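Remember, it's a predicted structure, so these values are computed and weren't measured experimentally. Residue indices begin at 1 and follow the sequence shown.
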Amino acid sequence: MQHDLQLRAAARALYQNVYPSEEWAPIGFDEAERYGTVHYRQAVGAAQDARAVLTAPNQQLPLPAIL
């Protein structure tokens, strides 16, 4: 993913927000990327999903339902 800097930055942001401490993930983003951990793969998948939604032409994101 080194060639797609925006996707990597999005994956890093997701990783750091979802796994903010060693309590959630034992290693930081760079090491997780190097070893291809499940946490890293989940962050990349979420970044890819988000990019697909955010770049879809003529689509507005749905508003969340208020409980």
Q) Atom CZ of R8 and atom CG of D4: how far apart are they, to the nearest 0.5 Å? A) 11.0 Å
Q: Kindly compute the distance separating CG (D30) from CZ (R12), expressed to the nearest 0.5 Å.
A: 4.5 Å
Q) What heavy-atom pair brings L7 and Q48 nearest, and what distance separates the two atoms? A) CD1-N, 3.8 Å
**Q.** Where at least one partner belongs to residues 39-50, residue pairs that pass salt bridge (charged side-chain N to carboxylate O under 4.0 Å, His left out), sequence neighbours excluded
**A.** none
Q) Taking side chain as C-beta onward, heavy atoms only, is E31 less than 4.5 Å from P26? A) no
Q. What is the minimum heavy-atom distance between A10 and A47, and which atoms define it?
A. CB-CB, 3.9 Å
Q) Are Y40 and Y35 in one and the same hydrophobic cluster, where Ile, Leu, Val, Met, Phe, Trp and Tyr link if side-chain heavy atoms are under 4.5 Å apart? A) yes
Distance-only donor-acceptor hits, side chain of residues 13-24, under 3.5 Å, sequence neighbours excluded:
{"unit_1": "Y15", "atom_1": "OH", "unit_2": "I27", "atom_2": "O", "d": "2.6"}
{"unit_1": "N17", "atom_1": "ND2", "unit_2": "A13", "atom_2": "O", "d": "2.7"}
{"unit_1": "Y19", "atom_1": "OH", "unit_2": "Q42", "atom_2": "OE1", "d": "2.4"}
{"unit_1": "S21", "atom_1": "OG", "unit_2": "E23", "atom_2": "N", "d": "3.3"}

